[in-house]
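Encoded as structure tokens, the structure appears first; notes follow it.
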Amino acid sequence: MPRTLITSAIPYINGIKHLGNLIGSQLPADLYARYRRAQGDEVLFLCATDEHGTPAELAAAKAGEPVADYCARMWAVQKDLADGFRLSFDHFGRSSSPQNHALTQHFAGRLDANGYIEERTERQVYSRADGRFLPDRYVEGTCPNCGYDRARGDQCENCTKQLDPTDLIDPRSAISGSTDLQVRDTKHLHLLQSKLRGELGDWIDAQDQWPVLTTSIAKKWLHDGDGLQDRGITRDLDWGIPVRRGPDPWPGMEGKVFYVWFDAPIEYIACAGEWAEANGLGEANWRRWWRTDEGADDVRYVQFMGKDNVPFHTLSFPATLIGSGEPWKRVDYLKSFNYLNYDGGQFSTSQGRGVFMDQALSILPADYWRWWLLSHCPESGDAEFTWDGFQAGVNKDLADVLGNFVSRVTKFCRAKFGESVPEGGEWGDAERALVDRLQGATAAYVRHMDAIEIRKAAAELRAIWVAGNEYLQAAAPWTTFKTDPQAAAMQIRLALNLVPFYAALSAPFVPDAARAMAGAMRLDATPWPDDVAGALTALPPGHAFDVPDVLFAKITDDQRAEWQDRFAGTRS
RNA sequence: GGCGGUGUAGCUCAGUUGGUUAGAGCAGCGGAAUCAUAAUCCGCGUGUCCGGGGUUCAAGUCCCUGCACCGCCA
């Protein structure tokens, strides 16, 4: 049985993600996971929250909660939303898990033993009032270049000049506002990524099947960007994974934690450990997904992420794996996405512009969003969300083409033959032609899904839905019935069989509707229809069914106008 | 300022290694049908493929250049 390991970039714990974030990683990953499962693969699909770092601490402080409590609460919020969108993670973990603590410390120890870690002393701003070192961006002051009085220590937002915190005039803490700041020496661990340039380059050069976007970003960073400079992997913070050398203390690094960019990708692996524990499985069960010397050599590993995450996944994380000297599974295929824009601009978390995951589910079922987002997924370039386009796409594709097909077939049958599959005679030329056509279209759909060409797969699926309407229109059982009820029965028997056929093919995109369709046909499961002719005779004459409720209610103009207005501005 | 991306029908987008009259869906127009969520099906596109040069027997597709928009980085 083929084995597929799938990870989605892990969302930061801080706040609720918008639809652009969703379609940039988690949703396409879920589509692929559902598809691979339907193909019979053994799939392990993992995601988690990325919980460490200063933003989480500050958000917790703002909420008046201990950071651990805040993260636990926000994890639950994100988990509920993932469930709401039917994201079928085998486990939704946390980068703050004990497993990730141990594994991150393990990797640091291995990297140190192999000569890839160096201790360096640097000068950073310390806030006595806050009792902590301040990351560059949390030092504010007046820009020496333009005089803007709210410039940050890493860059002035007003004139865009890059700054050091010590450049600022009248610097203050962005956290407390305190001006009682000092520059202090502090010691940190640096990962000597530059020593791994050769090995990383060879590995990336070998990935000739990756999208050009992915390899070009990786090579750029590898050869002339900042990506492979040695980087600090520790911070002077309380919230995070304590710096240890494997299980042992790291003298001189007491009170420090690993920097979030170092521990976050390791959570991909640790998450498998969390999954095993949550399901009462032993260590070997997760290691067979991640250690090529312990069973993972036949695993195909596919990662999903937004384009901004590509350097971390092609360079930093592989550097950690390679530098460990241990046979960890590395990514086989990396699918990256561009951005989704919102109505002519950007989705903006800080401005509350656009639609956020909780809001989306509050106004429409998950399937609406899944279908539209996936069928317009930003694969080749940035994509555009507009309410007009969303309304038109959803109403046409889901309500008119698919939903109405199920409705017209089941209601016609009920009226003429009752609520069970009628007998009728043998197929004729039109039916055989339809089967041939669907066999070809299904093969094309499978090719696109295998290649993770999501828009093309969606277009092919839609064409498959349309084929049912075309057949029905040409066969016209409502006319046939008047002169040849037996022929009409045969036609509607085939049309009814299209319902579970569509359910099987559509389930990766619209799982709830697929379940409803299968349920209406009184089926518990709909196997993948490799053999179309067989699939379209699966429901035998006499098989009882139910006329389902409307699968997809249409979005009205009033609704569209109201939502357009509601989500244009600021999220309260 | 550097790097990268994008710019194709009213809208959202496809266009493989350059090769016949540039395509799809939506919207629009016309028609058929009336089983169905006023749904479906059929037919209909004279588009400076952003502008300007160039290479070629042949360019949306390659090269140069200009413009516009969008990112990333300094």
Side-chain angles (χ1 to χ4, degrees), chain A residues 20 154-156 159-164 211-221 223-227 229 306-311 336-346 371-373 375-417 447-448 451 453-463 465-482 488-489 491-492 495-496 499 513 547-556:
Chain A
D154 56 345
Q155 182 178 32
C156 174
C159 70
T160 74
K161 183 175 176 55
Q162 298 289 308
L163 302 170
D164 273 331
V212 181
L213 177 69
T214 301
T215 50
S216 66
I217 291 175
K219 286 177 181 174
K220 181 179 183 303
W221 281 63
H223 298 303
D224 57 40
D226 296 337
Q229 293 192 352
K307 59 185 172 186
D308 52 327
N309 258 321
V310 169
S336 59
F337 296 91
N338 293 284
Y339 295 139
L340 179 69
N341 290 319
Y342 179 80
D343 210 7
Q346 293 184 337
W371 171 254
W372 192 91
L373 290 168
S375 62
H376 294 77
C377 155
E379 288 178 296
S380 59
D382 290 352
E384 181 80 13
F385 177 93
T386 63
W387 283 101
D388 284 351
F390 176 68
Q391 179 195 25
V394 163
N395 284 354
K396 187 69 181 175
D397 297 346
L398 295 182
D400 296 348
V401 175
L402 177 60
N404 181 54
F405 176 81
V406 174
S407 183
R408 67 195 296 205
V409 168
T410 51
K411 286 183 179 172
F412 179 79
C413 187
R414 178 175 62 185
K416 304 298 184 189
F417 302 104
R447 278 197 304 277
H448 292 137
E453 300 251 36
I454 297 172
R455 281 183 184 231
K456 289 179 179 172
E460 195 63 50
L461 178 59
R462 185 186 188 285
W465 297 339
V466 167
N469 280 312
E470 287 179 20
Y471 167 77
L472 213 55
Q473 206 66 27
W478 46 89
T479 303
T480 316
F481 183 79
K482 295 170 186 167
Q491 291 165 339
I492 212 67
L496 283 168
V499 175
V547 174
D549 294 335
V550 166
L551 283 176
F552 300 101
K554 291 207 217 195
I555 297 170
T556 65

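Numbers restart at 1 for each chain; the letters A, B, ... are given by sequence-line order, proteins then strands.
Checking B:rC11 for Watson-Crick or G-U wobble geometry (two distances, each under 3.5 Å) identifies B:rG25 as its partner. Using Watson-Crick or G-U wobble geometry with both donor-acceptor distances under 3.5 Å, B:rC57 finds its partner in B:rG19. In this entry B:rG30 has B:rC42 as its Watson-Crick or G-U wobble partner, both defining distances falling under 3.5 Å. Shown here, B:rC35 forms no base pair; nothing in the strands shown gives a Watson-Crick or G-U wobble contact with both key distances under 3.5 Å. Base pairing of B:rA74: no nucleotide in any strand meets the Watson-Crick or G-U wobble criterion (both distances under 3.5 Å). For B:rA68, the paired base is B:rU6 (Watson-Crick or G-U wobble, both distances below 3.5 Å).
Under the 3.5 Å distance criterion, the side-chain polar atoms of A:Asn395 are left unmatched by any main-chain donor or acceptor of A:Asp400. Within the 3.5 Å criterion, the main-chain N or O of A:Ile454 finds a donor-acceptor partner in the side chain of A:Glu379.
When the nucleotides B:rC13, B:rA39, B:rU37 are ranked by their closest atom to the side chain of A:Arg455, B:rC13 comes out on top.
Heavy atoms of A:Ile492 sit nowhere under 4.0 angstrom from any nucleic acid atom. Among the protein residues, A:Gly403 comes within range of the nucleic acid bases, having at least one heavy atom under 4.0 Å from a base atom. Residue A:Ala383 is in sugar-phosphate contact alone, with no base atom involved, counting any heavy-atom pair closer than 4.0 Å across all strands shown. Contacts of A:Phe405 with the nucleic acid, taken as non-hydrogen atoms under 4.0 Å apart, are absent.
Here the P atom of nucleotide B:rC11 and the CG atom of A:Asp397 are 20 Å apart, to the nearest Å. Across the protein-nucleic acid pair, A:Asn338 atom CG and B:rU12 atom C1' stand 15 Å apart, rounded to whole Å. Atom pair A:Trp371:CH2 and B:rG25:P shows a separation of 14 Å (rounding to whole Å applied). B:rC41 atom P lies 17 Å from atom CD of A:Gln491, rounded to whole Å. Distance NZ (A:Lys396) to P (B:rC13): 20 Å, rounded to an integer number of Å. In this structure, the CG atom of A:Asp388 is 15 Å from the C1' atom of B:rG28, given to the nearest Å. If you measure from atom CZ of A:Phe385 to atom P of B:rC26, you get 19 Å, rounded to the nearest angstrom. Taking atom CG of A:Asn341 as the reference point, atom P of B:rU12 lies 11 Å away to the nearest angstrom.
Residue A:Asp397 holds its CG atom at 9.5 Å from CG of A:Leu402, rounded to the nearest 0.5 Å. Taking CD from A:Glu384 and NE2 from A:His376, the interatomic distance works out to 11.0 Å, rounded to the nearest 0.5 Å.
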Could you run down nucleotides 29-36 of chain B 5' to 3' and tag each one B, S or - for protein heavy-atom contact under 4.0 Å? ----SSBB
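Taking the C1' atoms as reference points, B:rA9 lies 15 Å from B:rC29, given to the whole Å. Rounded to a whole angstrom, the distance from the P atom of B:rG60 to that of B:rC49 is 8 Å. Using atom P as the reference point in both B:rG7 and B:rU17, the two lie 16 Å apart (nearest Å). Going from the C1' atom of B:rU61 to that of B:rG18 covers 6 Å, rounded to whole Å. Comparing B:rC69 with B:rC50, their C1' atoms are spaced 11 Å from each other, to the whole Å. Taking atom P on both B:rG19 and B:rA59, the two are 11 Å apart, rounded to the nearest angstrom. To the nearest whole angstrom, the two P atoms, one in B:rC73 and one in B:rU65, are 26 Å apart. To the nearest whole angstrom, the two P atoms, one in B:rC67 and one in B:rG51, are 15 Å apart.
Aromatic pair A:Trp372/A:Phe385: centroids less than 6.0 angstrom apart. The aromatic ring centres of A:Phe481 and A:Phe417 sit less than 6.0 Å apart.
Between A:Lys456 and B:rG15 there is a side-chain polar atom (N or O) within less than 4.0 angstrom of OP1 or OP2.
At least one side-chain heavy atom of A:Leu472 sits under 4.5 Å from a side-chain heavy atom of A:Arg408. Put simply, the side chain of A:Leu496 reaches to within 4.5 Å of the side chain of A:Cys413, judged on heavy atoms.
Residue whose closest nucleotide on RNA chain B sits further toward the 5' end, between A:Lys554 and A:Glu470: A:Lys554. Residue A:Gly393 is the one, among A:Gly393 and A:Val466, whose nearest nucleotide of RNA chain B lies closer to the 5' end (criterion: closest heavy atom).
Not a single ring-ring contact (aromatic ring centres under 6.0 Å, His included) links A:Tyr339 to another residue, sequence neighbours left out.
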